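See structure below.
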Amino acid sequence: MATFSQSTVDKGSDSFIDFCCSPCHEHKTVQWAEFYCDNCVTFYCAKCINLHSQLFGKHVTYGRGDTSKWPVSKEVEDFLLKCDLHTDKHLEMYCNDHSQLCCTNCAFLNHRQCAKVTLISESVKGPLPDLQLLARKIQTILEEIKKLQNYWDTNMQSLQVSYDKQLHEIHETRKQINSILDNIEQNTMKELDDKLTNLKASVKADTDNCSKLKNDLEQLSGAINDVVDKGKVELSFIASKKCLEKIYYSETYLKENSVQVESSLTFQADSDVQQYLSKLSGLGGFVLSTTALSVLDHVFTVQGKSEYNVSIPSDSYRSCNITAICVLTDEEILVADFDNKRVKLLNPQYQVVGHCDLTGYPNDMCQITQNEVAVAVDKDDTHEVLYVSVKKRRLVKGRKLQFQHDCDSIAHDLQDLYLTSGTALYKYSMKGTLLTKLYEDTSDELTVYRCAVSPSGEKIFVTNNSHSKVLTLARDGTVLHTFQDLHDPIGIHVTDLGQVLVCGFDSKTILQLDGEGKKKLATLATRKDGPYNTVCFKRSTASLIVGQALSKNIVVFKVI
């Protein structure tokens, strides 16, 4: 097997390990492999594979199009197995009491009193963790980290601008007084320089923290992508635990830094400086001005609007009723058409290129994996969640989960499904096992209508259509905030950066709320005709895709 490989994680591309051709490497020539032979357990370049094929025509080889069948590189395996506390040790055990991976040193020093410390091989049970889901979670957090890091970089620049401006004021003041100010000027300049040094040191520390956290997440994300689908049970288990730990730390760090304080320097000249010149030790004092800024709430501004027909000739009804939208990739968008009992596949030009028929009415839909959604479907006494996947631009129906209550809305976070029944919010496992009833309001029929989950999973947003409220719930169902400045709220969506978008049905508006769901930041759309049902943000094109009732068209708003 090849003894040399190189990761492309640091090159800005998707994680991939370039292996060296084994025969070439033995002859001390570096040639990157293009094929892997499962029988020989060896890598080959394009030239060497020809000779191999002549000698071993029946061997199974995999090219770069089948890298999922290539082995995990030694670099990735060593990275995942390495203990974070004792870098010269490999992870071998798992403490169930603390949910921590352990090397032998960790187990001896920190977990001697724990009752459930087992070998990792014994702790791996059930299906493999969804590493792709964790990788997407990491990418979302990385975006937050990068945004926060950009803020610190900008703050450093603005601090320098502030310094330059005040320096000019100092010099202008200095021109109005006589030579006795030479010593005073030096004292004042020293004070300014000291303040700048201290402030820069503080900002640099925050910037360095962001850089380290970003690098850790990028390295972990790259390792995950390489482990996915390799069947390495222990590595997948270790990767998932490391991901959850790093995600928890990252989310805590982002939460602690969701509101930053921007520092600037202001010089205040002393108007009586000449009179009291001989008594002063400086030209004036400095005031540190701070402004609280939220870097995680970007307010959208609508720049343009387009409409696209999503009806097809075989529809049962002339108009559509789009109740849910999911953006899977830049090439694939799914819409749920309630009246026609269909899920439709749209291309980047918003043209219908495929569809699948349902036995009931699709109330809502959420993304589960990169190419799969879960659709909440109701008809008479049948309430179910149907999984639909996109394969080669075709919609394929998969497994179903049956429920005893209405399925009005559905949302997904890691390994949990959230379903609303109209009066209650439930949390289920991915297999449909009821975990808990988080919230209930039986005062009317649609008090718990549609729901959406924040990127961190810490907040759940619910529309109370009956009483014109938008509720923000904690993970345990506790009501954190109530927003009431929108009549007849229906669809709600949270972007991957935390912006909260909500549709008013009768009021025919789309509002953006702050990330806490406490106040309105902007009214993004209003119209006199058909009401808005649902909204979804397509980040790659900076567009809001809006579903309507009683219309053939979806509306796409270009935003900045």
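What you see is a predicted model, and the numbers here were worked out from it, not measured in a lab. FYI, the numbering just counts along the sequence from 1.
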Would you mind reporting whether Ile120 and Ile238 have side-chain heavy atoms less than 4.5 Å apart? yes
Tyr36 ring center within less than 6.0 Å of Phe19 ring center: no
What are the two closest heavy atoms between Phe483 and Gly517, and how far apart are they? CB-O, 3.5 Å
Measure the CG-OG distance between Leu435 and Ser429 for me, rounded to the nearest 0.5 Å. 5.5 Å
For Val327 and Lys538, work out which heavy atoms get closest and say how close. CG1-CG, 3.9 Å
With sequence neighbours excluded, tell me which residues meet salt bridge (Lys or Arg N to Asp or Glu O under 4.0 Å) with Asp88. none
Would Asn371 and Thr369 count as having a side-chain donor-acceptor pair, cut-off 3.5 Å? yes
Between His493 and Thr534, is there a donor-acceptor pair closer than 3.5 Å when you use the side chain of the first and the backbone of the second? no
May I ask you to test the Thr482-Val470 pair for a side-chain heavy-atom distance under 4.5 Å? no
Using 30° and 60° as the class boundaries, would you call the ring planes of His111 and His98 parallel, tilted or perpendicular? perpendicular
Supply the atom-to-atom distance Lys400 NZ to Lys397 NZ, rounded to the nearest 0.5 angstrom. 6.5 Å
Does a donor on one side chain and an acceptor on the other come within less than 3.5 Å for Gln149 and Ser211? yes
Below 4.5 Å, heavy atoms only, C-beta onward: do Lys137 and Glu251 meet side chain to side chain? yes
Indicate yes or no for a side-chain donor-acceptor contact from Thr67 to the backbone of Trp70 under 3.5 Å, with no hydrogens or angles considered. no
Taking CD in Gln370 as the centre, count heavy atoms belonging to other residues, nucleotides or ligands within less than 6.0 Å. Is the count above 12? no
Grab the two heavy atoms, one from Ser543 and one from Val556, that are nearest each other, plus how far apart they are. CB-CG1, 3.8 Å
Test log, rule side-chain contact (heavy atoms from CB on, under 4.5 Å), inputs Leu159 and Lys200: CA-CA 8 Å; Leu159 191 59; Lys200 277 189 172 181; 4.2 Å; yes
Could you walk me through whether Lys214 and Leu142 pass the side-chain contact (heavy atoms from CB on, under 4.5 Å) check? CA-CA 6 Å; Lys214 182 186 72 172; Leu142 275 172; 3.8 Å; yes
Can you say whether the rings of Tyr428 and Tyr426 are parallel (under 30°), tilted (30 to 60°) or perpendicular (over 60°)? tilted
Indicate, with yes or no, if the rings of Phe43 and Trp32 have centres closer together than 6.0 Å. no
Any side-chain heavy-atom pair of His90 and Thr104 under 4.5 Å: no
Lys246 and Asp216 ion-paired at < 4.0 Å: yes
Please check if the side chain of Asn363 supplies one atom and the backbone of Cys407 the other of a donor-acceptor pair under 3.5 Å. yes
Residues Lys459, Asp413; criterion salt bridge (Lys or Arg N to Asp or Glu O under 4.0 Å); working and verdict: CA-CA 11 Å; Lys459 295 185 288 292; Asp413 175 56; over 6 Å; no
Measure from the side-chain N and O atoms of Arg450 to the backbone N and O of Ile410, and report whether any donor-acceptor pair falls under 3.5 Å. no
In this structure, CE of Met93 is separated from SG of Cys83 (nearest 0.5 Å) by 10.0 Å
Working to the nearest 0.5 Å, report the span between CD of Gln367 and SG of Cys536. 8.5 Å
Six-ring centre of Phe79, Lys242 cation under 6.0 angstrom, axis tolerance 45°: yes
Other residues, nucleotides, ligands: >12 heavy atoms within 6.0 Å of Gln402 CD: yes
Could you tell me whether the side chains of Lys241 and Gln100 share a donor-acceptor contact shorter than 3.5 Å? no
Under 4.5 Å between any side-chain heavy atoms of Leu438 and Arg475, yes or no? no
Are there more than 12 heavy atoms of other residues, nucleotides or ligands under 6.0 Å from atom OH of Tyr248? no
When you look at CD of Glu245, are more than 12 heavy atoms from neighbouring residues, nucleotides or ligands closer to it than 6.0 Å? no
Have Gln139 and Ser221 got a donor and an acceptor in their side chains that come within less than 3.5 Å? yes
What heavy-atom pair brings Pro362 and Thr323 nearest, and what distance separates the two atoms? O-OG1, 2.8 Å
Assess whether a salt bridge exists between Lys82 and Asp78, defined as any Lys/Arg side-chain N lying under 4.0 Å from an Asp/Glu carboxylate O. no
side-chain contact (heavy atoms from CB on, under 4.5 Å) assessment of Leu401 paired with Leu417: CA-CA 11 Å; Leu401 302 176; Leu417 284 178; 4.2 Å; yes
Calculate, to the nearest 0.5 Å, the distance between atoms CG and NE2 belonging to Leu91 and His86 respectively. 11.0 Å
Is any side-chain heavy atom of Ser99 closer than 4.5 Å to one of Tyr94? yes
His59 and His52: aromatic ring centres closer than 6.0 Å? yes
Note: Ile224 and Ala135 closest approach over all heavy atoms is CG2-CB, 4.0 Å
When every non-hydrogen atom of Ala411 is compared with those of Cys451, the smallest separation belongs to CB-SG, 3.9 Å
Any heavy-atom pair between the side chains of Leu473 and Phe461 that's under 4.5 Å? no
Just jot down the salt bridge (Lys or Arg N to Asp or Glu O under 4.0 Å) partners of Asp66, sequence neighbours excluded, or say none. none
Test item: Trp152 side-chain N/O and Lys204 main-chain N/O as donor-acceptor pair under 3.5 Å: no
Do Asp97 side-chain atoms and Ala115 backbone N/O form a donor-acceptor pair below 3.5 Å? yes
Under the 3.5 angstrom rule, does the side chain of Asp364 hit a backbone N or O of Ala376 as a donor-acceptor pair? no
So among Leu511, Ile492, Leu524, Val546, which one has a side-chain contact (heavy atoms from CB on, under 4.5 Å) with Leu501? Leu524
For Glu372, is there an ion pair with Arg399 - N to carboxylate O distance below 4.0 angstrom? yes
Has the side chain of Ser409 got a donor or acceptor atom that lies under 3.5 Å from a matching backbone atom of Thr420? no
Only counting residues at least two apart or in another chain, list the ones meeting salt bridge (Lys or Arg N to Asp or Glu O under 4.0 Å) with Lys437. Glu440
Should we say atom NZ of Lys146 is surrounded by more than 12 heavy atoms from elsewhere, each under 6.0 Å from it? yes
Do Val30 and His25 come within less than 4.5 Å of each other through their side chains, counting heavy atoms only? no
Backbone N/O of Ile560 and side chain of His298: donor-acceptor pair under 3.5 Å: yes
Presence of salt bridge, Arg539 and Asp496, under 4.0 angstrom: yes
CG-OG1 distance between Leu254 and Thr140, expressed to the nearest 0.5 angstrom: 11.0 Å
Between Asp476 and Thr478, is there a donor-acceptor pair closer than 3.5 Å when you use the side chain of the first and the backbone of the second? yes
